[in-house]
Amino acid sequence: MDRRLQFAFVLLCLGLLSSTARSDLVVSKAERLVDLNSHIVRVLSKLKVENEGPDDVSEVLLALPDAQAKNLAAIRTFYSDGKLGFVLPTEPIEPKGMPSDVTYYSIALPKKLGKGKTVSLDVLSIFTRSLKPFPEEITQAESQLVVYTDNMYYTSPYPVKYQSLVFRLPGRVESYTKYPKVELVKSELRYGPFEMQPAFSYSPVVVHFENNNPFAVANELVREIEISHWGNVRVTEQYTISHGGASLKNGFSRIEYQARPYMRGASSFRVLIAKLPARAHSVYYRDEIGNISTSHFWGDSQRTQLEIEPRFPIFGGWKTTFTIGYSLPLHDFLFEADGGKRVLNMTFGCPLDEVLVEKHIVKVVLPEGSKDITVATLFPTKQSEDVKYSHLDILGRPVVVLEKDNVVPEHNLYFQVYYKFNNISLLSEPMMLIVGIFLLFVACIVYMHTDLAISKTSSSYLEKLQWEEVQATVQHIKNIFDQYLAAHDKLESSLRDLSRSGDVQSCKAARKAADAQFKELAKELKPLLTFLQSCSQASSILPKIEELVTKEKEMQEKEMAKHTTVVDCFEKKLGGKDIESRIASQQQKLTSLKQEVESLLDSISEI
Amino acid sequence: MATSKVEGSSSLRHAFGGVLSVFILLLIGVVAFSIRLFSVIKYESVIHEFDPYFNYRVTQFLSKNGIYDFWNWFDDRTWYPLGRVIGGTVYPGLTLTAGTMWKLANSLNIPLSVETVCVFTAPIFSAFAAWATYLLTKEVKGPGAGITAAAILAMVPSYISRSVAGSYDNEAVAIFALIFTFYLYIKTLNTGSLFYATLNSLAYFYMVCSWGGYTFIINLIPMHVLLCIVTGRYSSRLYIAYAPLVVLGTLLAALVPVVGFNAVMTSEHFGSFLVFIIIHVVALVYYIKGILTPRLFKVATTLVLTVGIAVCAVVVAILVALVASSPTKGWSGRSLSLLDPTYASKYIPIIASVSEHQPPTWPSYFMDINVLAFLVPAGIVACFLPLSDASSFAVLYLVTSVYFSGVMVRLMLVLAPAACIMSGIALSEAFGVLTRSMKFHITKYFECSHTEAPAKLGESTSTESSAPLENMTKSDTTEKPEVARKEKVARRKQKKEKELTENAHVKPVSAKKEKRPLVLPLEASIVSVFLLIVLGGLYVLHCVWAAAEAYSAPSIVLTSHSHDGLHVFDDFREAYAWLRHNTEVDDKVASWWDYGYQTTAMANRTVIVDNNTWNNTHIATVGTAMSSPEKAAWEIFNSLDVKYVLVVFGGLVGYPSDDINKFLWMVRIGGGVFPHIKEADYLKDGQYRVDAQATHTMLNCLMYKLSYYRFVETDGKGFDRVRRYEIGKKHFKLTHFEEVFTTHHWMVRIYKLKPQKNRIRGKSRKSKLGSKSTSSKSGGMTHKNPWN
């Protein structure tokens, strides 16, 4: 406390010294509304600035004590000229001849402020970590009390004519700085109005009140936005969430948490709500040990909402990690820009409600082969580049890394990434796969058709060669026998034709042809047989083939005999029954021979 | 023109057959993989149960730190304060396999997480196992049986139970290694190729790397070799199949750190060495027989026999003396309990306490191998017609695995491939016979119409002429398939035994004459085929049901169906996540050993004991602490540096495998080392109970108190939904522990050891006296706290 007093004293002295040193602006009215509902403190200052000096003024200075400035997450000035409202640039500056210990921000006015004119400005400043839990440790049943400290007067480098201060509080107030001009109405604590305060007036005000709203702090959030030009934007968010409020003492009792709602642990939070972009799909929610099953998801064409429950309720000082991932349709976020560029338009911040992100890292993974990458953001960030390898990449995908500390929901603004990308590069990976598989097949074919034996003279190699030759020969022999069988079939069919048409001549011709073919085939067969006989490897098959040859010869004889008998019978005009009885025995033998030949062929083909 | 057509069609048929069987095998692989994905679809892609979490953690370490760090990894997160040398005590096959797969994927820039690779390792290897089964059965009984067996194995519930996606355990790859080793052994036996023999040793090495069950291989193969020798089937192929395996295999096995010198020192391997000696003697005898005349050989035999028996007696005596001098007779506890099923329950409660080491019940056979149990006998019969080296191996494999599965329910897994091979053989033979008879009847029908047609057209009178013809063809064609089959078998033999070709090709001729064909009536065969298809369909239905319902639960996430839909119990991970994020990195967590692996893997906290039950005393210490009263337990835990105690409690939601139900094992194991813990103190009239009639000791032990602390406040009565009664002691306070976390369904409760209170002179003495009088049963304080 004494440091603060000291600081106030310094401020006062400096203020007295310098109040006249700088410009002739006067704040004619300053109304401050401090929203203490969540753990992110939002201060809205409605200012009316009047130029009492002779010169035109183009900038207005804001001042924040350093103690507050270090907690400042964002500052924004809204200006309205009757119809249109817009945001004025607000930059930190270090003006000369002004008291130190104070951080200054300059607002550039849209048009110069002439003598005697006034301008209305709404300044929204957002502070984090400004609510200090007091006491710092509470049990599960207690509710959380926090302390907020501020300046009762509006800190300004200009004199303030009229000002007031309102604290909007979430609940019960434990205590507050007593002052004559103070009133507590419902959940609002009003100080003021104060009139005619000099520049840099300071008087501390402290509010000690109950705040059980979730103090959800993401110690680190890594958002990875991966773009696929096949039509998808994949967002993966890795959170480390902790409770920034008063820490829990004496352990956690489930029975009290479950059975007694009033002792539920008012300061803890169980649910976080993520507002995702519309048409988000393929959502997952997990941590390093698997899926977390407690979540609800609903959405319509306007928005998508994901309600996630960490594995356990988060009490003060507790911490957990999890990952949320979802996919978005590409055409909602990627657009064509000038000069053949593409532009990705995404929100920067974290989709969770009222979460303060201490370290926010956004990684935009662009497709492989993207060039000329530029980033446009509405607030300063630390930018760097990286490369990510995934899904068969060769060169890697360019990654834009944006880092920013102390990110609040107000930072949930759009940012743009411009880059050049050639659509042909889309095909490179499928082509690579196709070529790879093709080469694999080629390699297989080459392997099957090349002789990889090291020693061409070794006995086993020669044996193998011979064996292959034997196999080829056997195959050839088989083919010949198949032709034999076909010839037999032809003869049979000629006989059938005969029985139908009685054309003896054609039948005889068929026999002649078959006979010729048999001779031809026998001629063909001979060298093959001699080769097999000469081969030592063929010794196992040879007997079978020899048997086959003899059987086949027998069969030919029988077939011819049968044929001639039938033809003779026909010539003699004998009845069908007679023919049947004559050839019956031959027929029987023939069939059995045919069976044998076929089974032998089968057995040979299996070698 | 016709000839070329015939030629083309036959070669086309062959090519088509080849392509078809490759395609079928591919589909079998897909089925084997996808039937195991129920767990991912119904639950999530997550590692299951207990041991897989350890394997997952080891794989993570391997992928992060590389192979050399892995071999030297001393894990200080477990068995505090002893630690564990992971590299030297773990079968590295599984982790190395998954690590290699992960590395391969990552080197191709395919971003797979280690977890994903681990989850899908088991299904991938199931597909490999199905293909290996095809190869093995093909060697035994032909490709038809091979494909059938592969299809059956792809979905046998017994194997599914161990290899669903997420079940990342040694067995997942070991079954593939087992079948593949057997395949290579049979292949070597059939071909006599040294190339396959070398591959066989490598496959055996992989098996040794992956699973302690490799002793099954190194005992089964020698048994088969012995069987072959005894039945007079010795051949040089047998020698090539066996001798390199023993020499190379043992050398390679000794390279695996966890096996090391056990490969030559323990009794599990002695059988193989003995058979190794025997096969050399037999080889020598055959060689000498070849070079000596029969008379001289006889003389030599008698000479060698007398000397040999004397030497053998001496060697056997030395061996027996050596083995007998060691306390466990050189056998490890698990192996001994295989040989003597009652061994574990008598001597090692820690082995007996594991449910998967219990003998199975009949329903579990039906559950795990279903209709295969009925097909197996048929398969055995088929293997004996005719008996070859390979089929005798299959029979031997089946018989031994049936015995082992009867001892330990876990070894049902070894039975499954054997049962699949046998059933595959049985089904394929049955289909062979039935379709052959159907084909015969159909071709007969066609031939009938063929012969009738010309007769009718040509001569109107010759209607009955077809009758003799029909008979004739019938007898012939009936003869044909049977003959062909006989021949086929003979031919296969011929191929195998090239030296016996002369004999072999005489055989079919003689067989042809004698054998009468087996042809069933058309109707009967159609009905049987239909019934077999129905049987197969039932099997498939059962397998899918088992995969989807019975074996897919990851056991860390429980679900129940109630009237308002699915209810998920994710308490374990809730607790582990809490420990992970909200305790100090170096805090020690004590729990029963079941949860050790999960705690180290999911919560990343140091545990006192885990599922690798290598130190019985340490486990007994935790058991003793759990069964001691609060103060004594606090002292034990405090001496072990424990900060948190984790208990699993199912009483609120009715989760039966909680710590109260396991508690008697803690008492037994604790009492086995620290005799002041007596099982009888916890039992009321021999009954284990925690209701009002429970003993005083029971109601005051730490486990009871931690489980039921403030439980009565949930419903006012303290009704335990697992035990189905009200608990005995309802209102009590904890003095040395404080509750820090309880999960949503109370399934996991975490307590913190309270710091020691400042000593107030008068008070402390009083309380000390009090505690002494209540715990008067303790004989000596020295026993009570083994670490002080």
Side-chain angles (χ1 to χ4, degrees), chain A residues 242 250-255 257-259 286-294 310-312 317-321 389-394 396 475 478-479 482-483 485-487 489-490 495-496 499-500 539-540 543-544 575-577 579-580 584 587-588 591-592 595 598-599 602-603 605-607, chain B residues 2-3 6-7 10 14 43-47 108-111 454-455 457-459 461-462 465 468-469 472-473 476-477 479-480 483-484 487-488 491 494-495 498 501 505 508 556-557 568 570 573-574 576-578 580-582 601-602 710-711 713-714 738-744 746 749 752:
Chain A
S242 64
N250 288 347
F252 163 71
S253 168
R254 177 68 69 172
I255 183 77
Y257 189 77
Q258 279 176 338
R286 56 167 295 151
D287 64 3
E288 60 266 73
I289 55 175
N291 206 26
I292 306 172
S293 43
T294 42
R311 288 193 188 273
F312 42 86
W318 286 13
K319 186 179 97 178
T320 190
T321 59
Y389 294 92
S390 93
H391 295 293
L392 300 171
D393 288 346
I394 293 171
Q475 188 58 41
K478 229 191 112 227
N479 289 344
D482 283 339
Q483 291 178 40
L485 288 181
D489 281 349
K490 237 184 216 165
L495 279 185
R496 270 199 294 278
S499 71
R500 207 166 39 237
S539 60
S540 57
K544 222 168 257 172
K577 246 184 200 167
I579 301 173
E580 285 295 342
Q587 182 67 44
Q588 196 171 343
T591 348
S592 74
Q595 295 290 353
E598 272 173 358
S599 75
D602 268 356
S603 70
S605 69
E606 274 196 15
I607 288 168
Chain B
T3 54
V6 169
E7 181 188 335
S10 84
H14 266 273
Y43 296 88
E44 57 179 288
S45 167
V46 74
I47 308 283
L108 290 173
N109 282 333
I110 299 170
L457 279 166
E459 311 285 325
T461 46
S462 64
S465 70
L469 237 154
M472 187 175 65
T473 42
D476 275 346
T477 32
E479 203 171 358
K480 175 207 150 192
V483 166
E487 264 186 345
K488 264 183 210 167
R491 233 175 298 119
Q494 213 172 15
K495 220 184 340 176
K498 270 181 189 159
T501 30
H505 84 262
I556 56 160
V557 191
V568 179
D570 203 358
R573 288 192 297 188
E574 182 182 344
Y576 293 132
W578 186 83
R580 185 185 189 104
H581 297 299
N582 299 304
M602 282 198 266
R710 299 186 78 178
F711 177 58
E713 292 172 43
T714 51
E738 67 170 333
E739 185 187 8
V740 285
F741 190 76
T742 298
T743 57
H744 189 238
W746 290 56
R749 313 194 68 182
K752 193 174 177 179

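Each chain gets a letter, A, B and so on, in the order the sequences are listed, and its residues count up from 1. Atoms considered below: every heavy atom in the structure, side chains included; atoms not considered: hydrogens, waters and symmetry mates.
The pair B:Glu44-A:Arg286 does not meet the salt-bridge criterion, since no charged nitrogen lies less than 4.0 angstrom from a carboxylate oxygen.
Using cut-offs of 30° and 60° for the angle between ring planes, the A:Phe312 and B:His581 rings count as tilted.
Only the side chain of B:Glu738 comes within contact range of chain A, judged by heavy atoms closer than 4.5 Å. Interface residue A:Thr321: backbone and side-chain heavy atoms are both found under 4.5 Å from chain B. Heavy atoms of B:Arg749 lying under 4.5 Å from chain A are absent altogether.
Contact of the B:His744 side chain with the A:Arg311 side chain is not registered, since no non-hydrogen atoms from C-beta on lie closer than 4.5 Å. Annotation: side chain of A:Ile255 is in contact with side chain of B:Trp746 (closest heavy-atom distance under 4.5 Å).
Rounded to the nearest 0.5 Å, atoms CD (B:Glu739) and CZ (A:Arg254) are 9.5 Å apart.
Options B:Val568, B:Val46, B:Asp570 differ in how many heavy-atom pairs under 4.5 Å they form with chain A, and the most are formed by B:Asp570. Interface summary for chain A: among B:Ile110, B:Leu108, B:Thr743, B:Val557, the most heavy-atom pairs under 4.5 angstrom belong to B:Thr743.
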